[in-house]
There are 2 protein chains.
Amino acid sequence: MKTTRLKDIAKNLGVSKTAVSRVLNNLPIRISKEKREAILNLAKSLEYRPNLIARGLRNKKTKCIGIIVPDMSTLFYPQLIRLIEKQLSLHGYRAIICDTENELSQERLYVEDLLARYADGMIVAPASGEGNISMFENLAKSLPIILMDRNFPGEKLNYVVTDNRLASRKAVRIIARKKPSHLFYLGEKKRNFAIDERLMGVREEASLKKIPFTGKDILLCDTTREDEREKSKQIFSRKVKNPAIFLESNRLLMGLLDIAYKRGLTIPEDFTVIGFDTFRPELATPSDFNSLKVINEPTPVVRQPVAEMAALVTEYMLSPGKRRKWRIKLKAQIEKQ
Amino acid sequence: MKTTRLKDIAKNLGVSKTAVSRVLNNLPIRISKEKREAILNLAKSLEYRPNLIARGLRNKKTKCIGIIVPDMSTLFYPQLIRLIEKQLSLHGYRAIICDTENELSQERLYVEDLLARYADGMIVAPASGEGNISMFENLAKSLPIILMDRNFPGEKLNYVVTDNRLASRKAVRIIARKKPSHLFYLGEKKRNFAIDERLMGVREEASLKKIPFTGKDILLCDTTREDEREKSKQIFSRKVKNPAIFLESNRLLMGLLDIAYKRGLTIPEDFTVIGFDTFRPELATPSDFNSLKVINEPTPVVRQPVAEMAALVTEYMLSPGKRRKWRIKLKAQIEKQ
DNA sequence: ATGAAAGCGCTAACAC
DNA sequence: GTGTTAGCGCTTTCAT
């Protein structure tokens with residue numbers, strides 16, 4: 001199956017490659033109507049398909065955007081990716097997807113490779129840690145880069161994120177209505193600026209609402225189920241009556257519920273919970289069934305504005321005047337009953 | 001930020017581009033040790049990064065694989081994509097992701113574009129319908145193509161899928177233990193071969209187990225929540241006592257539970273359910289809370305072997321002797337309490 | 001052992 | 001209006 005090239009059409013019609021190229025690219029160059037149509041027709045009948053690699057080499061534009069995320073196994077990022085990809089594809093861009101597993105080293109490799117492929121830009125939810133900040137800052141000088149979901153301290157890079165601090169404050173305000181005697185914060189050991197802001201918001205609002213909450217009430221776990229469960233145990237072992245538990249991410253929910261179930265504790269009778277929106281895929285499959293029994297009342301959830309985030313990120317990426325500032329914090333909704 | 005090219009290194013060292021290329025690509029060409037090292041060093045200090053576009057143009061190999069799926073908003077496909085991408089990236093390949101929204105026309109556009117970009121292969125969970133079969137069959141003659149999750153009737157194309165028929169039969173066998181008086185099948189109007197096989201399996205096993213199940217008991221809905229709920233209503237309106245409901249995909253579960261809740265029906269007291277593994281992301285958020293109360297007992301779930309599927313698909317894609325047959329049906333597990 | 005030169009398919013500057 | 005030509009950065013004969 002030989003592919004047709006510009007040259008073939010040109011030769012076939014006795015015109016120059018240039019002419020063909022100009023017609024096919026709809027350039028505002030006047031050309032005799034007959035030739036134009038002949039070219040168009042032949043291109044169609046020969047099923048001409050421009051070689052995007054050649055074009056890319058020539059133009060230094062590939063119509064490829066790299067999307068870098070820390071974890072595709074959540075619900076949150078695929079959602080984001082899907083919306084972004086759809087928007088990009090409408091404009092002839094393809095998305096190259098890169099799952100860093102939240103590892104800085106992998107992130108660096110992906111970035112390197114995207115550069116080698118001359119991706120036209122990168123949309124990135126960066127891996128936790130500060131190691132790659134300057135890399136991105138340098139990149140941004142020569143390439144459109146926009147952060148999503150997770151930004152960095154400082155304001156050098158463009159981003160679209162949830163206003164995490166505000167969202168957490170709202171969440172604590174909601175949970176405060178239950179008059180908890182104590183607050184616990186269950187999070188991940190691996191930190192990043194965005195989730196630190198969650199913690200900060202919790203601190204602020206807990207203090208405002210006079211809910212007892214100190215450093216000892218912050219439990220950070222390794223990214224393993226065992227440790228998640230272990231830290232959950234530690235919370236309940238404190239024997240605080242009627243505690244509220246803030247989950248930095250709902251990923252942590254199932255482990256917590258499991259432990260609660262084993263101890264015969266229920267929501268809202270014995271404790272309450274609020275968390276950010278991503279949660280375990282396995283949720284509500286038979287294996288988690290018992291844990292679910294712990295919940296006797298809908299638990300509120302911080303729902304991040306995924307659609308807006310995706311839209312704003314792609315808008316930035318596709319808008320010609322990309323260089324302007326684009327630092328956006330979106331408001332989250334607290335979804336409850 | 002000028003990027004270094006082969007030429008720069010060559011000129012700088014007074015050697016030829018050829019030499020540099022050969023050293024940097026580790027070709028088995030003998031070259032004096034000093035030159036080799038000089039080249040390697042300079043390349044490193046100049047942060048030489050091969051232009052993959054240029055290389056692609058020359059080699060007609062881009063180290064890009066297209067991954068085409070019908071729906072990224074499920075849990076199933078992102079899982080698959082993530083595992084595949086990780087494997088591909090280990091071998092220097094990047095994944096271009098394409099969400100067709102289960103539309104044949106979009107699928108065609110994506111395929112066209114991937115061809116124009118000289119993707120080295122395509123891994124595809126095809127959109128429902130038979131319209132693009134011959135396109136893929138033709139493609140497969142000149143490009144490694146492998147289907148995943150959904151295959152086509154006939155055996156012209158390579159694939160890795162769940163043995164859907166067998167899985168459904170197993171599922172019905174499980175549900176038969178509950179001695180249902182009747183069986184219903186809740187599925188989607190938009191059909192494809194893979195899910196037709198599910199229906200076929202259900203038919204066979206129902207007949208074997210003598211569970212009443214006829215054409216009228218098959219309800220197929222549009223891909224809208226309203227219609228999903230509508231069809232669920234129709235099932236309960238039949239007033240069959242103790243029915244079993246087979247869900248072609250667990251996407252359909254939440255609508256069903258919602259209707260059941262409103263009618264005061266519960267599992268296992270009033271009906272039973274079994275379904276394939278993907279389910280609504282919203283599951284178990286506050287808005288679905290009431291629906292969840294319908295379930296008083298773990299419902300069995302057909303769990304597809306995602307990891308194996310991903311592994312086998314990439315193995316095919318990356319193995320040099322790709323041309324051999326690769327028609328694999330994997331066994332699913334029924335996961336129950 | 002090393003290099004010169006051609007060429008992948010396209011676009012754009014510069015003629016005419 | 002139309003064509004000629006150069007060149008994007010790389011790999012690969014084919015000489016030497």
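Naming convention: chains lettered A, B, ... in sequence-line order (proteins, then strands); numbering from 1 in each chain.
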Measure from NZ or CZ of B/Lys61 to the centre of the six-membered ring of B/Tyr118, then state whether that distance is under 6.0 Å and the direction lies within 45° of the axis. no
Whole-Å distance between C/dT2 C1' and B/Glu34 CD? 14 Å
Starting at atom NZ of B/Lys11, determine the distance to atom P of C/dG3, rounded to an integer number of angstrom. 15 Å
So, OP1 or OP2 of C/dC8: does either fall under 4.0 Å of a side-chain N or O from A/Asn51? no
Consider only side-chain N and O atoms of B/Tyr316 and B/Asn158, and report whether a donor and an acceptor are under 3.5 Å apart. yes
For the residue pair A/Asn41 / A/Lys44, report whether a side-chain donor-acceptor contact shorter than 3.5 Å exists. no
A/Lys61 NZ to C/dG9 C1', in whole Å, measures 19 Å
Of B/Asn59 and A/Arg58, whose nearest nucleotide on DNA chain C comes first from the 5' end? B/Asn59
Would you indicate which nucleotide in C/dG3, D/dC10, C/dG9 comes nearest to any side-chain atom of B/Ala19? C/dG3
Round to the nearest Å and state the distance from B/Leu6 atom CG to D/dT11 atom C1'. 9 Å
Phosphate OP1/OP2 of D/dT11: any B/Ser21 side-chain N/O under 4.0 Å: yes
Considering just the side-chain nitrogens and oxygens of B/Tyr48, establish if one lies under 4.0 Å of OP1 or OP2 belonging to D/dG9. no
Does C/dA1 have OP1 or OP2 sitting under 4.0 Å from an N or O in the side chain of B/Lys33? no
With heavy atoms under 4.0 Å as the rule, sort B/Tyr118 into base, sugar-phosphate or nothing. nothing
Nearest whole Å is fine: how far is D/dG3 C1' from A/Lys35 NZ? 9 Å
Counting only distance, no hydrogens or angles, is the base of C/dG3 paired donor-acceptor with the side chain of B/Arg22 under 3.5 Å? yes
Between A/Ile31 and A/Lys17, the residue closer to the 5' end of DNA chain D by nearest nucleotide is A/Ile31
Without decimals, in angstroms, what is the distance between B/Asn26 CG and D/dT11 C1'? 15 Å
To the nearest Å, give me how far apart CZ (A/Arg55) and C1' (C/dG9) are. 10 Å
Would you check if there is a donor-acceptor pair between the side chains of B/Thr223 and B/Glu188 at a distance under 3.5 Å? yes
Looking at B/Thr18 and C/dA4, is any side-chain donor or acceptor paired with a base atom of the opposite kind under 3.5 Å? yes
Would you say A/Lys7 reaches C/dC10's phosphate, i.e. side-chain N/O to OP1/OP2 under 4.0 Å? no
Atom-to-atom span, CG of A/Asn25 to P of C/dG9 - whole angstrom: 17 Å
Could you verify whether a donor N or O on one side chain and an acceptor N or O on the other, from B/Asn132 and B/Arg108, lie under 3.5 Å apart? yes
